[in-house]
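Below you'll find the structure, written out as structure tokens, and then a few comments.
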Amino acid sequence: MSLKTQITLRTAVVLPFVMIFLFTMGVMVFTQKQSYKEMVSDISARQLASLTDNVHQSLSDFLEKPFHANLSLSHNIGYHKLYEPGNLSKVQDYILYKFSDHFTAVPQLDVIGFGSEDGNYVGFRKEANNGYTLMVQDERTQDQLVIYRGSKISEDIRSVISGYDPRVRPWYTPVANEKKAVWSPIYANADERQEITLSALAPIYADNEFKAVIVSDIKINTFNAFLKNLKDKTDASVYIIDQQQRLVAHSGGGSVVSWGTGKTHKGQRLLATESANPVIRESANYVDQLHLIDDIGVQRFKFTLDGEQYFNQITPYEDKHGLTWFIGMSIPESNLLGELPKNQRDSWLLGLTLSCIGIIAGLIAFNRVTQPITSTADAAKQLAKGDWDSSMPKSGNIYETSMLVEAFNEMANNLKASFQQLQSQLTYDSLTKLYSREGFIDAAQKNAATEKGTLYLVGIDRFRDINDSLGHYNGDQLLIISAARLRGTLPSDYLLARTGGDEFAIYAPNVTQEEDVQLLANRLVQTFASPFAMESESVVVKVSIGVVHVSNDQDITSWLRNSSIALSNAKQDKTRVSIYSPEMGNASRHRTKMLARLNKAIELQQFEPFYQPIIDLESGTTIGAEALARWVTDEGIISPLEFIPLAEETGLIYDIGKQILHKSCRDTAIAIESGKWSEDFSIHVNLSVDQLSERGFIGLVKNTLSDTKLPPKNLTLEITESRIIDNDPTIIENMLTLKALGISIAIDDFGTGYSSLAYLHKLPFDCLKIDRSFVSKLDKENLDSSIVAAIVNITKGFKVSLVAEGVETQQQADLLKQLQCPQAQGFLYSRPVPFDQWPTDLSNAQQNAKTKQNTEAKESIS
């Protein structure tokens with residue numbers, strides 16, 4: 001896990017508790033909130049139902065008394081035949097009597113009137129002083145509606161209304177049409193007040209004939225007072241609307257009649273949505289938008305106004321006399337539960353506050369408990385950064401953490417001592433006590449004088465041989481003495497280090513001039529010139545030196561790398577001292593790239609054998625071929641001169657030779673089986689001494705012959721003469737084993753090494769190949785004294801075959817025949833070619849040689 005995704009111990013311990021607390025609080029709040037909602041919903045339903053029932057009952061009482069009073073009047077007037085057409089005096093006296101003596105307990109009665117079929121009218125209106133106003137229209141008033149100031153006909157007239165016809169009034173026509181007691185629609189009176197009223201209507205019959213209508217007007221605003229009183233007690237907003245959603249009564253105060261604002265015309269009842277009371281108005285908007293009065297049933301809903309939630313119920317009100325109204329009820333949430341919501345919120349806040357205090361107290365206590373652990377972690381972090389001087393953690397008051405801190409401090413002290421020892425081992429070479437490579441780099445980085453100077457890398461030549469011959473102990477002593485000589489030779493401000501097994505790095509500050517650089521190099525060579533006394537014998541040591549001019553545009557590792565390149569160049573060229581140049585770096589980089597390409601080429605099997613025929617000079621027939629390694633890439637063929645030396649140096653020649661051997665044996669077996677080559681055809685494959693010295697080489701050859709099904713007699717392995725002069729027992733043993741298997745051995749480039757008869761006598765071989773350099777010098781004048789003639793004469797006693805390499809002209813072929821050299825190989829016959837391009841016209845090599853007589857020699861095939 002990365003540091004970015006890790007959390008602290010405090011967080012790891014506290015976070016789960018906080019999350020559990022928050023989850024618990026959340027569940028509790030959610031549960032209580034749900035319970036609270038259910039409780040509020042239940043209470044609101046009960047409260048709304050109760051209040052609505054109260055209003056419903058009160059409204060029924062409010063309407064029923066006037067209606068029954070009106071029925072009583074209707075019955076008595078008809079029964080006693082009080083009505084006389086043209087004269088309403090008896091009806092007038094009866095109405096006043098009943099109004100003043102019997103109906104005083106019905107305060108909502110406003111007007112009791114009588115309208116006949118012949119258009120006469122008499123009625124009484126109750127005034128605020130409990131007096132009555134007489135309204136008459138008959139023969140006594142010349143058929144005009146006269147309103148008197150008192151309850152009798154007098155000269156004190158309040159107003160006169162002409163053209164009044166009771167038969168067209170809203171209180172008359174419903175009864176005239178239906179001939180039964182009903183409620184009138186709500187309408188405006190025709191008197192001077194034109195108040196909005198609701199009337200109880202009843203027909204009057206005489207001798208079973210409809211004669212008139214008795215009407216009792218109700219003061220609707222008296223029910224407003226009841227609703228207002230209900231609101232004062234319960235804080236419930238109540239309104240009553242008709243089917244057109246116009247206000248009948250409400251608890252909001254004010255008139256239900258419009259005075260010219262809103263959608264309603266002046267004198268008309270207000271729509272509920274136009275109420276001045278915002279609660280009634282908002283409730284009515286919901287009723288209108290949701291069409292709640294379309295469904296005759298109890299409907300409940302809620303809304304929020306000014307941050308307060310209101311619960312609402314709309315209930316239909318109907319009676320048997322034709323009224324269809326709706327009672328609207330709105331109750332604020334605070335009215336339902338009183339102080340409970342506030343107390344609940346306060347309890348939540350108190351619980352949350354106490355919990356936070358508890359968490360903070362727990363954090364403080366936990367912080368004191370974990371302080372030793374966190375300080376230990378911080379100290380460990382500082383130690384990991386290499387800050388060994390950071391303060392160590394202190395023990396706490398808890399046994400376990402104290403044990404942890406003490407163990408950490410002890411371990412840190414041990415680590416500090418080990419680190420210092422390790423740092424010393426890294427900084428200084430344990431054998432010579434000089435700087436190590438790491439110490440040299442660190443010292444050079446801290447040395448301000450490293451901006452300009454010269455770096456010398458001194459390497460002891462053939463140090464491995466010295467180790468092998470004298471033993472490792474004496475080899476170590478030689479290194480100690482060498483370090484002492486260098487330390488005694490060089491000034492104290494020079495940096496001296498042992499950077500490798502036998503290599504010493506010397507940084508000479510301010511040595512920049514060429515003469516000074518060369519002078520110091522010569523001093524270093526002379527330092528190793530005198531013999532080293534090693535127990536009973538003296539050892540002479542030679543050194544090579546790589547030199548680098550130091551500048552501040554490169555780091556120290558680059559200096560050391562460049563000095564190593566220069567040292568390698570000095571050893572290869574045997575120049576003792578080599579000064580680094582960019583060309584050396586380029587050559588080193590090229591060598592590195594080539595090495596990488598070689599490894600890739602081995603993996604991709606890019607090495608292929610190219611075949612050059614070997615000709616019998618006497619008969620002109622092809623008796624064999626040499627398989628020459630070629631590196632075949634997509635870009636072309638890479639010359640062996642570019643990769644063979646590097647492959648031999650790095651040991652990759654073994655893998656390359658393995659590929660060439662296998663492919664050559666495979667091609668030869670195929671060619672012999674198909675008749676392309678004769679059954680005694682011999683394929684010559686070049687071997688590196690490194691291959692031949694490998695102990696597993698014999699097994700490789702056996703497996704190759706077995707896999708390719710090539711008989712051993714058809715295989716000849718060529719070894720360069722100059723590479724086997726060391727007389728390595730392993731090489732001789734492997735050569736004898738190969739001979740025993742039936743494989744032929746050829747010595748290549750014969751004459752260029754340290755040839756002697758005694759030496760040749762020791763080597764098991766079947767063929768000698770004369771180097772091309774001797775063939776190219778043949779001419780008629782000194783033919784008998786040529787090296788080729790000498791080699792031919794020498795080998796006659798060895799009973800081996802002899803092949804002359806590099807034959808490029810017919811004249812050379814003729815001279816070789818004259819010297820009785822049996823076989824030849826060269827461009828005269830064919831260049832090295834891939835197997836699929838093998839020439840088909842080599843049956844007569846002499847004829848081919850004549851046709852190629854003028855061919856010029858080109859590149860070497862070595």
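No hydrogens or angles considered: a donor-acceptor pair under 3.5 Å links the side chains of Tyr239 and Ser283. Checked by atom type, the side-chain pair Ser330/Asn312 shows a donor-acceptor distance below 3.5 Å. Defined by atom type and a distance below 3.5 Å, a donor-acceptor pair is missing between the side-chain atoms of Ser154 and Asp156. A donor-acceptor contact under 3.5 angstrom links the side chains of Tyr94 and Asn76, judged on distance only.
Closest heavy-atom contact between Ala49 and Arg300: CB-NH2, 4.3 Å. Shown here for Ile218 and Thr197, the closest heavy-atom pair between the two residues is O-OG1, 3.2 Å.
With a 6.0 Å radius and a threshold of 12 heavy atoms from other residues, nucleotides or ligands, Lys90 has its NZ atom at or below the threshold. Annotation for Asn177: atom CG counts as buried by contact number, over 12 foreign heavy atoms lying within 6.0 Å.
Side-chain atoms of Asn70 come within 3.5 Å of backbone N or O of Ile214 as a donor-acceptor pair. Not a single donor-acceptor pair under 3.5 Å links the side chain of Asn54 to the backbone N or O of Ser50. Asp138 places a side-chain N or O within donor-acceptor distance of the main-chain N or O of Arg140, the cut-off being under 3.5 Å. Between the side chain of Gln108 and the backbone N or O of Leu63 there is no donor-acceptor pair closer than 3.5 Å.
Under the side-chain contact (heavy atoms from CB on, under 4.5 Å) test applied with Arg125, the options Asp217, Thr133, Leu134 reduce to a single match, Thr133.
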- Worked check of side-chain hydrogen bond (donor to acceptor under 3.5 Å, both in side chains) between Ser275 and Asn277: CA-CA 5 Å; Ser275 172; Asn277 187 297; 5.5 Å; no

- side-chain contact (heavy atoms from CB on, under 4.5 Å) between Val160 and Val146, intermediate numbers included: CA-CA 4 Å; Val160 178; Val146 178; 4.2 Å; yes

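Seen from the ring of Phe210, Lys179 counts as a face-on cation partner, given the 6.0 Å and 45° thresholds.
Tyr317 and Trp183 have their aromatic ring centers separated by at least 6.0 angstrom. Taking the centre of each ring, Phe124 and Phe99 stay at or above the 6.0 Å mark.
Lys65 is not listed as a side-chain neighbour of Leu109, based on a closest heavy-atom distance of 4.5 Å or more. Counting heavy atoms from C-beta on, the side chains of Tyr83 and Ile204 never come closer than 4.5 Å. Counting only heavy atoms from C-beta outward, the side chains of Gln245 and Phe326 never approach each other to under 4.5 Å.
Salt bridge Lys228/Asp232: present, at least one basic N to carboxylate O contact under 4.0 Å.
For residues 43-58, every residue pair satisfying the salt bridge (charged side-chain N to carboxylate O under 4.0 Å, His left out) rule, not counting sequence neighbours, is listed here: Asp42-Arg46.
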